[in-house]
Amino acid sequence: MIVVMKPEATQDQIEHVRDHISALGLQPQVIVGQHQTVIAAIGEERPGLVETLEPAPGVEKVLPIMAPYKRASSELKKERTVVRARSLEIGGKAIGVIAGPCSVESEEQIVSLAIKLKALGATGLRGGAYKPRTSPYSFQGHKVEGLKMLATARAETGLAIVTEVMAPEHVPVVAEYADVLQIGARNMQNYQLLTAVGDSGKPAFLKRGMSATMDEFLLAAEYILDRGNDQVILCERGVRTFEEHTRFTLPLASVPYLQAKSHLPVVVDPSHGTGKAPLVPPMARAAIAAGADGLMVEVHDDPEHAMSDGAQTITPEAFARMMAECRRVAEAVDRTF
């Protein structure tokens with residue numbers, strides 16, 4: 001349920017309703033808006049809640065939340081969530097750009113590349129220290145040493161670090177170094193990991209599973225939000241279909257759909273979404289035109305010799321051209337970089 005308070009409701013009245021919701025065995029969540037306050041009552045549905053809560057002083061109306069995802073729903077929160085971490089802001093008027101290599105290969109590589117990317121307009125630095133790979137024989141990442149390399153790059157540039165965490169037991173060490181914890185497509189429904197990231201207090205970057213529906217995607221975000229962590233970024237990275245001309249199929253209609261159904265910011269990953277470097281810039285432009293709040297792009301100085309995902313990785317020179325093109329598109333849809 002959502003309890004909508006009157007614009008003139010007092011703080012005592014708001015606290016009274018919050019305490020009343022707690023006494024009913026539900027979880028209250030107070031959301032203070034620009035014009036009025038709403039209080040969510042999260043928990044098991046039961047008859048008579050409207051009749052119990054509506055007569056309370058200061059209450060304007062009580063409404064049910066129809067979506068299965070309660071905290072992520074735009075029914076609960078009309079104002080858009082803005083996620084901030086150091087240099088990175090996702091969800092405001094400015095479009096955030098997270099760029100970097102698929103894998104952190106060496107300290108020299110990541111520091112040198114980070115300096116270039118910041119100069120070209122990136123606001124976040126991506127790079128895998130722990131790498132989930134389909135084959136056990138593929139490069140698995142430098143792990144903690146890779147995290148330390150990312151931290152060095154941040155110290156040199158000020159760029160926020162966005163890196164993947166693969167297991168609940170890894171959350172404390174990754175959170176020690178990273179600014180945003182990425183949950184990859186393969187782990188979207190790893191509920192223990194979602195809960196652990198929610199408990200970490202760090203912003204979460206949640207990628208859509210390669211076969212996940214929109215409801216499943218938003219319910220995964222709900223696990224993080226339910227732990228009291230409201231700093232969640234949704235990332236559309238493409239889904240698996242019958243098509244073979246791209247690595248995945250990148251459905252950009254999910255951007256306005258998610259923004260209509262949820263208050264959470266939406267980022268698009270055209271690198272994984274296409275799997276082919278020449279397709280990354282045009283799909284980045286299309287993502288901005290569709291209303292994306294940010295981009296995540298794989299960039300490497302020498303994609304041909306990258307330790308992972310070289311085929312979908314663009315060069316810094318291509319990234320510079322892409323940023324110039326995306327700025328023009330952003331201006332046309334009243335956004336900025």
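Scope of the values below: all heavy atoms of this structure, side chains included, with no hydrogens, waters or symmetry mates.
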Looking at [X], I want to see if its [atom1] is surrounded by more than 12 non-hydrogen atoms of other residues, nucleotides or ligands under 6.0 Å.
X	atom1	value
E169	CD	yes
E108	CD	no
K143	NZ	yes

Between [atom1] of [X] and [atom2] of [Y], what distance do you get to the nearest 0.5 Å?
X	Y	atom1	atom2	result
L113	E105	CG	CD	9.5 Å
Q182	K207	CD	NZ	5.0 Å
N229	L194	CG	CG	11.5 Å
I233	L264	CD1	CG	9.5 Å
Q13	K6	CD	NZ	8.0 Å
T313	H300	OG1	NE2	7.5 Å

**Study point:** salt bridge (Lys or Arg N to Asp or Glu O under 4.0 Å) contacts in which one or both residues fall within residues 47-71, not counting sequence neighbours
**Key:**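 Sorted result for residues 47-71: R71-D226.
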Do [X] and [Y] touch side chain to side chain, with heavy atoms closer than 4.5 Å?
X	Y	result
Q36	P7	yes
V268	L252	yes
Q192	N190	yes
I39	I21	yes
L49	L24	yes
T163	L181	no
T152	M149	no
E75	M66	yes

Nearest atoms (heavy-atom pairs only) where [X] meets [Y]:
X	Y	result
M296	V267	N-CG1, 3.8 Å
A99	V299	CB-CG2, 4.0 Å
S200	V171	CB-CG1, 3.8 Å
I110	A153	O-CB, 4.0 Å
L234	A221	CD2-CB, 3.9 Å
P68	L219	O-CD2, 3.6 Å

Exercise for review: Please test S74 against S262 for side chain to side chain donor-acceptor pair (under 3.5 Å), starting from the C-alpha separation and ending with a verdict.
Suggested key: CA-CA 4 Å; S74 56; S262 174; over 6 Å; no
Verify same cluster id: [X], [Y] (apolar side-chain graph, 4.5 Å):
X	Y	value
V50	L26	yes
V32	L225	no
V174	L206	yes
L147	L88	no
V38	V62	no

Check your understanding: Is the side chain of K77 donor-acceptor paired with the backbone N or O of G33 at a distance under 3.5 Å, no angle test?
Key -> no
Exercise for review: Answer yes or no: is there a donor N or O on one side and an acceptor on the other, between the side chain of K202 and the main chain of V180, under 3.5 Å?
Suggested key: no
Practice item. Check salt bridge (Lys or Arg N to Asp or Glu O under 4.0 Å) between D19 and all other residues, then give those that pass, not counting sequence neighbours. Key: none
Is the shortest distance from a Lys or Arg side-chain nitrogen in [X] or [Y] to a carboxylate oxygen in the other one below 4.0 Å?
X	Y	result
D293	K93	no
D179	R154	yes
R328	E325	no

Practice item. Answer yes or no on whether R240 is positioned over the face of F248, meaning its NZ or CZ is under 6.0 Å from the six-membered ring centre and within 45° of the axis. Key: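 No, R240 and F248 do not form such a contact.
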Check your understanding: Between S271 and Q312, is a side chain to side chain donor-acceptor pair (under 3.5 Å) present by the stated rule, with each step listed?
Key -> CA-CA 5 Å; S271 299; Q312 67 191 35; 5.5 Å; no
Practice item. Could you tell me whether the side chains of E243 and T249 share a donor-acceptor contact shorter than 3.5 Å? Key: no
Review point. Taking I31 as the fixed residue, which of L76, I2, T37 is the one that meets the side-chain contact (heavy atoms from CB on, under 4.5 Å) rule?
Key: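 In the set L76, I2, T37, the residue that makes a side-chain contact (heavy atoms from CB on, under 4.5 Å) with I31 is L76.
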